Visitor: 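Sending over a structure as structure tokens; questions will come in a sec.
No experiment lies behind these values; they were computed from the predicted model shown.
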Amino acid sequence: PPYPGLPSPVHGCCCHITLPHTVRFRAGPADYPSLRLQGYEPTIFYPKRPGKTLYHALTTQCQKMDIPFLTEFPTEPRFIDEVYNLVVDAIFGFSFQGKVREPFASILSTLETVTIPIASVDIPSGWDVELGNPQGLQPDLLVSLTAPKKAAALFTGRYHFLGGRFVPPALDRKYHLNLPPYPGTECVRQLL
């Protein structure tokens, strides 16, 4: 993890954000069932499924909630624009390094040309966590988990939120995170 002392499951915590115009966004596979229960109709594209018990359980839960999984990613940006209202980009996490390989390179290429909003979780997919990727995916919304990563300074979208009010003050001080205060009892803070 980028911040020793916080276990990986903490980094995967979900955040709930209410955006302008009552668009609701939840980050993390565990929240797709919640979206379904709230009347939203999420669709999941999950091309490479790890064999870990947690991911298998989350997949099973989504299937039992009748949340559809796409077998192929749409290759036409216009189709995505017509069928969906929002793309949640959670393809890669903060630990992504190197060149994007297939099938992900084609997916990101398609997403770079859609016109509907894209919400990236933690770091836009294909970005280097420190250097970013000005030629890559440019989301409208970035939800930084735990703390904004260095590349978040290169984010040019409309909204940037920080999710995860769980960092102990001692770790904040130790790693000079300089996290902003959260309003009231909120677990999310709008940064931009």
Side-chain angles (χ1 to χ4, degrees), residues 1-2 8-9 11-15 17 19 23 25-32 35 40-56 58-60 62-63 67-161 163 192:
S8 293
H11 295 294
C13 273
C14 300
C15 54
I17 298 171
L19 301 173
V23 175
F25 166 73
R26 287 188 177 237
D31 277 319
Y32 291 115
L35 287 173
Y40 294 96
E41 297 179 16
T43 301
I44 300 170
F45 179 64
Y46 198 10
K48 294 193 177 190
R49 301 179 188 197
K52 296 180 180 176
T53 304
L54 171 65
Y55 296 109
H56 178 72
L58 292 172
T59 300
T60 300
C62 290
Q63 290 168 334
I67 297 173
F69 283 77
L70 298 176
T71 55
E72 293 182 27
F73 191 80
T75 57
E76 290 296 322
R78 199 167 117 225
F79 175 81
I80 296 170
D81 289 337
E82 290 172 3
V83 174
Y84 301 102
N85 298 318
L86 173 74
V87 172
V88 176
D89 159 37
I91 299 171
F92 302 122
F94 62 83
S95 61
F96 172 79
Q97 294 179 356
K99 185 175 175 163
V100 178
R101 296 185 307 253
E102 292 300 335
F104 305 107
S106 297
I107 294 167
L108 290 178
S109 179
T110 299
L111 291 179
E112 288 169 8
T113 59
V114 299
T115 60
I116 61 170
I118 296 175
S120 290
V121 179
D122 214 20
I123 194 81
S125 290
W127 281 34
D128 178 279
V129 74
E130 293 192 3
L131 304 174
N133 183 357
Q135 287 76 43
L137 193 62
Q138 301 299 316
D140 298 279
L141 166 70
L142 176 60
V143 181
S144 292
L145 302 177
T146 307
K149 311 312 177 268
K150 189 174 182 181
L154 303 171
F155 171 69
T156 60
R158 296 184 291 168
Y159 306 103
H160 185 189
F161 288 87
L192 176 67

Visitor: In Å and rounded to the nearest 0.5 Å, what is the OH to CG distance from Tyr159 to Leu142?
Guide: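 The distance works out to 14.0 Å.
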Visitor: Identify the residue among Phe45, Phe79, Tyr46 that makes a ring pair (Phe, Tyr, Trp, His ring centres under 6.0 Å) with Phe73.
Guide: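 Between Phe73 and the candidates, ring pair (Phe, Tyr, Trp, His ring centres under 6.0 Å) is satisfied uniquely by Phe45.
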Visitor: Counting only N and O atoms by type, is there a donor-acceptor contact under 3.5 Å from the side chain of Thr59 to the main-chain atoms of Tyr55?
Guide: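 Here the side-chain-to-backbone pair exists.
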Visitor: Got a second to check how far Asp128's CG is from Lys149's NZ, nearest 0.5 Å?
Guide: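 Reported value, rounded in 0.5 Å steps: 13.5 Å.
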Visitor: Rounded at 0.5 Å granularity, tell me how far CD1 in Ile118 sits from CG in Asp89.
Guide: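 The distance works out to 7.0 Å.
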Visitor: Applying the side chain to side chain contact (heavy atoms under 4.5 Å, CB included) test to Ile116, which of Asp140, Ile80, Leu111, Val83 qualifies?
Guide: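 The residue from Asp140, Ile80, Leu111, Val83 that satisfies side chain to side chain contact (heavy atoms under 4.5 Å, CB included) with Ile116 turns out to be Ile80.
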Visitor: Is the count of non-hydrogen atoms from other residues, nucleotides or ligands lying under 6.0 Å from Glu112 atom CD greater than 12?
Guide: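 It does: Glu112 CD has more than 12 such atoms within range.
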Visitor: For Ser144 versus Ala152, what's the shortest heavy-atom pair and its separation?
Guide: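 Here Ser144 and Ala152 meet closest at OG-CB, 4.4 Å.
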Visitor: Where is the tightest heavy-atom contact between Ile44 and Cys62, given as atom of each residue plus distance?
Guide: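 Scanning both residues, the minimum pair turns out to be CD1-SG, 3.8 Å.
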Visitor: Looking at every heavy atom in both Ile67 and Pro42, which two are closest together, and how far apart are they?
Guide: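 Heavy atoms of Ile67 and Pro42 come nearest at CG2-O, 3.5 Å.
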Visitor: Show the nearest heavy-atom pair for residues Pro74 and Thr110, with the distance to one decimal.
Guide: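 Minimum heavy-atom contact is O-CG2, 3.7 Å.
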Visitor: Once you round to the nearest 0.5 Å, how far does CG of Leu131 lie from NZ of Lys150?
Guide: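 The distance works out to 7.5 Å.
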Visitor: List the steps and the verdict of side chain to side chain contact (heavy atoms under 4.5 Å, CB included) for Thr43 and Tyr84.
Guide: CA-CA 9 Å; Thr43 301; Tyr84 301 102; 3.8 Å; yes
Visitor: Quick one: CG on Leu58 to NZ on Lys52, what's the gap to the nearest 0.5 Å?
Guide: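 Separation between the atoms: 12.5 Å.
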Visitor: Do Leu141 and Pro117 have side chains that approach each other closer than 4.5 Å (heavy atoms only, starting at C-beta)?
Guide: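 No. Closest side-chain heavy atoms not under 4.5 Å.
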Visitor: How close do Pro77 and Thr113 get, heavy atom to heavy atom, and via which atoms?
Guide: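 Smallest interatomic distance, heavy atoms only, reads CG-OG1, 2.9 Å.
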Visitor: Under the side chain to side chain contact (heavy atoms under 4.5 Å, CB included) test, which residues partner Leu192, sequence neighbours left out?
Guide: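 In terms of side chain to side chain contact (heavy atoms under 4.5 Å, CB included), with neighbours along the sequence ignored, Leu192 is linked to Phe155, His160.
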Visitor: Can Thr75 and Ser106 be said to form a side chain to side chain contact (heavy atoms under 4.5 Å, CB included), step by step?
Guide: CA-CA 8 Å; Thr75 57; Ser106 297; over 6 Å; no
Visitor: Do Asn133 and Pro124 come within less than 4.5 Å of each other through their side chains, counting heavy atoms only?
Guide: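 No, every pair of side-chain atoms sits at 4.5 Å or beyond.
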Visitor: Please say whether more than 12 non-hydrogen atoms of neighbouring residues, nucleotides or ligands are located less than 6.0 Å from CD in Glu72.
Guide: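 At most 12 heavy atoms, drawn from other residues, nucleotides or ligands, come within 6.0 Å of this atom.
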Visitor: Give, for atom CG of Leu154 and atom CD of Gln138, the distance between the pair rounded to the nearest 0.5 Å.
Guide: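 Here the interatomic distance stands at 9.0 Å.
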Visitor: Show the numbers, then the answer: is there a ring pair (Phe, Tyr, Trp, His ring centres under 6.0 Å) between Phe104 and Phe92?
Guide: CA-CA 9 Å; Phe104 305 107; Phe92 302 122; 5.3 Å; yes
Visitor: Taking the side chain from Trp127 and the backbone from Leu137, do they hold a donor-acceptor pair closer than 3.5 Å?
Guide: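 Flag set: sc Trp127 to bb Leu137 pair under 3.5 Å.
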